[in-house]
Amino acid sequence: MDSSPYLIRLCFRATCKSRERQSASPLWRICRLNFRCMEPPYPSTQPTNSLKVGLHLIHPDFCKWLFIITLLGLLTACSSEPPTQSNISNNTITDNSPAFGDRLITASIGDASTLIPMIAGDSASHEIAGWLYQPLLKFDKNLNISGQLAQSWDISSDGLSITFHLRPNITWSDGKPFTSADCAFTLALIQDEHTQSAYKSDYAKVTAFDTPDKHTFVVHYAEVYSPALSTWAGLAIMPKHVFENEDIMDTDLARHPKATLGAYVLKDWQSQQSITLQANPNYYAGKVWIAERMTRIIPDSATQFLELTAGNIDEMALTPTQYSRLFERTPALKKHYDRYKYLQSVYTYLGFNLKRPLFQDQRIREAIAYAIDRQELIDGVLLGHGEIIASPYKPGTVWVNQSLKPRPFDPNKAKKLLAKAGWVDSDTDGYLDKDGKILSFTIITNNGNKQRADTATIIQQRLKQIGIKVNVRLIEWSAFIENFINKRQFDAVILGWSLTPEPDQYNIWHSSQTGERQFNFLSYNNAKVDEALIEATRTFDQKKRKQWYDIMQQEIYSDVPMVFLYAPYSLPAIHKRIQGIKPAPAGIGYNSEFWYVPKALQKYQVTSMQP
């Protein structure tokens, strides 16, 4: 899920604390485990107009920038651990080869909630957990399935069995060997009734499994399940010897893992401040060069940008304003940081709680869709760094139903739909009413993402123009998930979905996935969509699958359980001393465990484990 706005404010507490105790994670590398997950509380945009958010007036960005300049000296002075990097530039060093050492500091608006991947529903948690645990397979730089813990696999001629051949000589961080018993245990764990996981449906179709030897794991299906292989790029394997006597839903291992096997191990977690990871000296896939990765929890993008400008963080997800304007005005940033831009596998939407009586009328939902000017959102919120969408797939991919076009901005049509539904302004107060009640609802989103907050504010203003009273409420991330989303305590919500290359969206749209912690929290129910989702997984024929997914998209488009708003571009900035970044169709984070800093450019003296 995504998040909401951030006010410019004095952040001496956030910036003066030791950098050892602060941390965060970048938007562009979300879902390392390739799960479909709720977009985390990262900021993605910042509009140029003044916007009223809550009780505060946020002034135009030019005024913010003047304020930023006045604080830079203070922020730098507050730093408690001066870096040791010399002023050597990348162009003057003679040895650019990989060297062990240094610390890479990232910024995140929200803290992780758990380090157990199958329980986590948010990308902030998956970002950290993905460094610790890994699945059998992964999507490579070209978004093709490749081996991770499994070095190879075979699919039976009838398509009903997959045999995974595990990499030999992998050990958990406590020295115990990784074996097929861990794979079998993890599968049984996610299938267990007690395990509340939004990903359970992906593995429910496995009817049996075998472990012929310690390096072979076989899964069997009763019928063809086309997403089967890709689901194994999502299930992080857990150590049986650590978890077998634990309650997965209530265990200290969610914060203090005892055995992991990823590129990094957990060193320290200071709640709402930082998460620090230390390089795994025995990582099976090769040398991990960057000694530490620190994720600082910085609750708004404006403060993150201050820290970036001061040189206190190495990477962050820039907002469109920061990317297009503020970065260009800051010579130090242009000198020391690189910017990247590419379309994310993410979309942002306004979703309706279909259990609320108001939103059980399709005409209300469709009227709202016509009343929203999506181009206004692209221009004003994203500064052009995004694309309008009409369906839940990444623009440009084969799965998009090309016959569907975004509904145009048409407030008159919206008013007519509302009138047909019986909503009129009987007392001429500017708001529509029916049976003595004003047409009113609340949009919630999580605090910290200005893109989401500004989107909510603009929608609020547009809906007011057609007689709908909208309140906007911003909620702290963990409370937002636990108390509102998981418990379905909301009217409407602005969030984002992060997607994988696999087109199956069963756990988002199927009517069986509406339970607590499951992903169909809008409570959408359409028999034709249910059928399409199931039938599309019963064939490997891409044409037939697309036909079913086209039907699914058409039904969703007609029902309007959500208003698809836009697909934003990822706009990361990364310090130039970080080497090994190779942009590809998958983005830039696919090989991040092998990034490095040449010895002459290393900034921090870090004492870490080495092989």
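Source: prediction; values computed, not measured.
Put simply, the side chain of D102 does not reach to within 4.5 Å of the side chain of W289, judged on heavy atoms. Residues S180 and L166 meet the side-chain proximity criterion, which asks for heavy atoms closer than 4.5 Å. At a threshold of 4.5 Å between non-hydrogen side-chain atoms, the residues I485 and L495 count as touching. Side-chain contact between L318 and R339: present, with at least one pair of heavy atoms (C-beta onward) separated by less than 4.5 Å. H575 has its side chain out of reach of D338: every pair of non-hydrogen atoms, C-beta onward, lies at least 4.5 Å apart. Looking at heavy atoms from C-beta onward, L266 lies out of side-chain contact with H256 at the 4.5 angstrom threshold. Residues I237 and P135 are not in side-chain contact: their nearest non-hydrogen atoms beyond the backbone lie 4.5 Å or more apart. The side-chain heavy atoms of N486 and F521, taken from C-beta on, include no pair separated by under 4.5 Å.
The shortest non-hydrogen separation linking F139 to L143 is CD2-O, 3.6 Å. Nearest heavy atom pair, residue T260 against residue P257, reads CG2-CB, 3.9 Å. The two atoms that bring L149 and Q134 nearest to each other are CD1-O, 3.2 Å, heavy atoms only. Here the shortest heavy-atom pairing between L533 and Q505 reads CD2-C, 4.0 Å. Shown here for S301 and A317, the closest heavy-atom pair between the two residues is OG-O, 4.3 Å. Closest approach of R452 to I494, counting heavy atoms only: CD-CG2, 3.3 Å.
In this structure a side-chain-to-backbone donor-acceptor pair under 3.5 Å is present from T186 to D182. Checked by atom type and distance alone, the side chain of S125 pairs as donor or acceptor with a backbone atom of S113 at under 3.5 Å. A donor-acceptor pair under 3.5 Å is absent between the side-chain atoms of N591 and the main chain of F594, judged by distance alone. Panel note: side chain Y337, backbone L308; a donor-acceptor pair is recorded below 3.5 Å. With hydrogens and angles ignored, the 3.5 Å screen pairs no side-chain donor or acceptor of S161 with any backbone N or O of I155. Formation of a donor-acceptor pair under 3.5 Å by the T251 side chain with backbone atoms of I248 is not found in this model. Between the S201 side chain and the N507 main chain, no donor and acceptor come within less than 3.5 Å of each other. When atom types are taken as modelled, the side chain of T171 and the backbone of G175 share no donor-acceptor pair closer than 3.5 angstrom. Proximity of a side-chain donor or acceptor of R167 to a complementary backbone N or O of Y284 within less than 3.5 Å is not detected. The closest donor-acceptor contact from the side chain of D247 to the backbone of M249 lies under 3.5 Å.
Atom OG1 of T163 and atom CG of D154 lie 6.0 Å apart (nearest 0.5 Å). Atoms CZ and CZ, on F484 and F490 in that order, are 11.0 Å from each other to the nearest 0.5 Å. The CZ atom of F185 sits 10.5 Å away from the CZ atom of F209 when rounded to the nearest 0.5 Å. A distance of 9.5 Å separates CG in L261 from CD in Q148, rounded to the nearest 0.5 Å. Expressed to the nearest 0.5 Å, how far NZ of K205 lies from CZ of R538 amounts to 6.5 Å. Rounded to the nearest 0.5 Å, atoms NZ (K240) and OG1 (T179) are 8.0 Å apart.
Taking the six-membered ring for Trp, F519 and W509 have ring centres at least 6.0 Å apart. For H126 and Y199, the ring centers sit closer than 6.0 Å to each other. Close placement of the W232 and Y203 rings is indicated, their centers lying within 6.0 Å of each other.
Salt-bridge formation is detected for the pair D314/R577: a Lys NZ or Arg NE/NH1/NH2 atom is positioned less than 4.0 Å from an Asp or Glu carboxylate oxygen. Under 4.0 Å is where a charged nitrogen must lie from a carboxylate oxygen, and between E502 and R545 at least one such pair does.
For T207 and H220, the side-chain atoms include no donor-acceptor pair closer than 3.5 Å. Neither side chain, Y225 nor T231, offers a donor N or O lying under 3.5 Å from an acceptor on the other. With no hydrogens or angles considered, a side-chain donor-acceptor pair links W269 and D111 at under 3.5 Å. Looking at D192 and T195, their side chains never bring a donor and an acceptor atom within 3.5 Å of each other.
Only one option out of P568, S498, P392 pairs with Y347 in a side chain to side chain contact (heavy atoms under 4.5 Å, CB included); it is P392. Between W595 and the options K582, Q579, R293, a side chain to side chain contact (heavy atoms under 4.5 Å, CB included) holds for only R293.
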Test side-chain contact (heavy atoms from CB on, under 4.5 Å) applied to V346 and K394, step by step: CA-CA 7 Å; V346 167; K394 182 179 179 179; over 6 Å; no

side-chain contact (heavy atoms from CB on, under 4.5 Å) evaluation trace for F305 with T319: CA-CA 9 Å; F305 194 75; T319 70; over 6 Å; no

side-chain contact (heavy atoms from CB on, under 4.5 Å) between D174 and H241, worked out: CA-CA 10 Å; D174 63 359; H241 66 282; 2.7 Å; yes

Check against side-chain contact (heavy atoms from CB on, under 4.5 Å), M316 and T106: CA-CA 6 Å; M316 69 169 286; T106 67; over 6 Å; no

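By the 6.0 Å contact criterion, CG on D158 is enclosed, its count of non-hydrogen atoms from other residues, nucleotides or ligands being greater than 12. Within 6.0 Å of atom NZ in K200, more than 12 heavy atoms from other residues, nucleotides or ligands are found, so the atom counts as buried in its surroundings.
Judged by the 6.0 Å distance and 45° axis criteria, K341 is positioned over the aromatic ring of Y569. For the pair R103 and Y604, the distance from NZ or CZ to the six-membered ring centre is under 6.0 Å and the angle to the ring normal is within 45 degrees.
For residues 506-521, the set of pairs meeting the salt bridge (Lys or Arg N to Asp or Glu O under 4.0 Å) definition, not counting sequence neighbours, comprises E482-R517.
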